[in-house]
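What follows is one structure encoded as structure tokens, with my remarks underneath.
Side-chain atoms are counted along with the backbone in the values below, which use heavy atoms only and exclude waters and symmetry mates.
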Amino acid sequence: MTTPPPVLPAQAAARLGDYTVIDVRTPGEYASGYVPGAYNIPLDHLHAALPALKAAAARGDLLMVCASGNRSATACSELAAADIPAATLTGGTTAWAEQGHTLHRPEGASRVWSMERQVRLTAGSLVVLGFAAGTRYRPARWLSAAIGSGLVFSALTNTCGMAAVLAKLPHNRPRPADLEATLAALGQ
């Protein structure tokens with residue numbers, strides 16, 4: 001199955017009530033602001049949600065959302081492999097907010113940095129650590145080289161191993177009850 005064409009933020013805003021919006025970011029990122037009405041199913045939990053997503057797609061169009069559009073495009077490809085049509089929001093929540101559309105936030109939720117910002121902090125810190133430790137222990141410089149190589153690989157392949165590792169931190173993981181509640185709400 002092929003995926004439907006990407007949807008621009010203005011197009012999505014005009015038809016928002018027609019979509020079942022699925023935000024594939026981490027729960028921490030979702031809590032920092034999401035497209036109104038979006039359900040949070042992190043990308044690494046998409047497989048568990050396939051039956052609920054198939055049922056939701058049978059009722060109407062699915063719109064996948066992330067911060068920039070990369071993870072939601074990956075989600076659309078995974079869904080297409082399972083014969084579930086879904087479009088991605090071009091530019092993600094970043095473009096949505098930049099075009100003046102509102103983002104909702106759960107009440108009482110703490111704001112967590114975006115995954116991109118978490119990766120930049122971690123990568124930068126490791127490079128500085130490798131450089132500083134390398135002044136005393138020369139092989140420590142390889143840490144900086146490894147991180148730099150990883151960033152180049154990440155850019156070339158449009159994947160990010162560091163983001164996959166950071167997504168496993170507690171503030172980026174959904175509680176099982178939250179995911180179950182989301183899947184139950186999708187089933188209705």
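Contact check for L53 versus L46: side-chain heavy atoms found under the 4.5 Å cut-off. Side-chain atoms of D83 and K54, non-hydrogen and from C-beta on, do get closer than 4.5 Å to each other.
Listed by first then second residue, pairs satisfying salt bridge (charged side-chain N to carboxylate O under 4.0 Å, His left out) with a partner in residues 19-28 read D23-R25, not counting sequence neighbours. Sequence neighbours left out, not one pair with a member in residues 141-152 passes side chain to side chain donor-acceptor pair (under 3.5 Å). Applying the salt bridge (charged side-chain N to carboxylate O under 4.0 Å, His left out) definition to pairs two or more places apart or across chains, those involving residues 12-21 are R15-D18, R15-D61. Residue pairs satisfying the ring pair (Phe, Tyr, Trp, His ring centres under 6.0 Å) criterion with at least one member in residues 58-106, sequence neighbours excluded, are listed as follows: W96-H101.
The side chain to side chain contact (heavy atoms under 4.5 Å, CB included) check on T20 picks up I22, Y39, A56, L62, L186, with sequence neighbours excluded. Evaluation of the side chain to side chain contact (heavy atoms under 4.5 Å, CB included) rule for A10 yields Q99 as partners, not counting sequence neighbours. L50 is linked by a side chain to side chain contact (heavy atoms under 4.5 Å, CB included) to H47, L79, A82, I84, counting only residues two or more places apart in sequence or in another chain. With sequence neighbours left out, T157 forms a side chain to side chain contact (heavy atoms under 4.5 Å, CB included) with F153, T159.
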Under 3.5 Å, sequence neighbours excluded: what are the donor-acceptor pairs made by side chains of residues 118-132?
from: Q118; atom 1: OE1; to: H171; atom 2: NE2; distance (Å): 3.4
from: Q118; atom 1: OE1; to: N172; atom 2: ND2; distance (Å): 2.9
from: Q118; atom 1: NE2; to: W113; atom 2: O; distance (Å): 2.8
from: Q118; atom 1: NE2; to: N172; atom 2: OD1; distance (Å): 3.4
from: R120; atom 1: NH1; to: E116; atom 2: OE2; distance (Å): 3.3
from: T122; atom 1: OG1; to: Q118; atom 2: O; distance (Å): 2.9
from: S125; atom 1: OG; to: L121; atom 2: O; distance (Å): 2.8

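Minimum heavy-atom separation, G134 to A140: N-CB, 3.8 Å. Contact between N40 and L179 at its shortest, heavy atoms only, is O-CD1, 4.4 Å. For the pair G69 and C66, the tightest heavy-atom approach, listed with the atom from each and the gap, is N-SG, 2.9 Å. The two residues P5 and A87 make their nearest non-hydrogen contact at O-CB, 3.6 Å. Taking both residues in full, the closest heavy atoms of R105 and G33 are given as CG-CA, 3.8 Å, listed atom of the first, atom of the second, then distance. For T102 against P36, the heavy-atom pair with the smallest separation is O-CD, 3.4 Å.
None of T88, T90, T93 except one satisfies the side chain to side chain donor-acceptor pair (under 3.5 Å) rule with S72; the exception is T88.
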Pair N158, T74 - check side chain to side chain contact (heavy atoms under 4.5 Å, CB included), show working.
CA-CA 10 Å; N158 200 25; T74 299; over 6 Å; no
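Under the 4.5 Å side-chain heavy-atom criterion for ILVMFWY residues, no single connected hydrophobic cluster contains both V24 and L166. In the hydrophobic cluster analysis, where Ile, Leu, Val, Met, Phe, Trp and Tyr join through side-chain heavy atoms closer than 4.5 angstrom, M64 is grouped apart from V7.
For CZ of R59, the number of neighbouring non-hydrogen atoms (other residues, nucleotides, ligands) closer than 6.0 Å is greater than 12.
Interatomic distance, R71 CZ to D44 CG, rounded to the nearest 0.5 Å: 10.0 Å. How far OG1 of T26 is from CG of L43: 11.0 Å, rounded to the nearest 0.5 Å.
In this structure, Y30 belongs to a hydrophobic cluster whose other members, linked by side-chain heavy atoms under 4.5 Å apart, are Y34.
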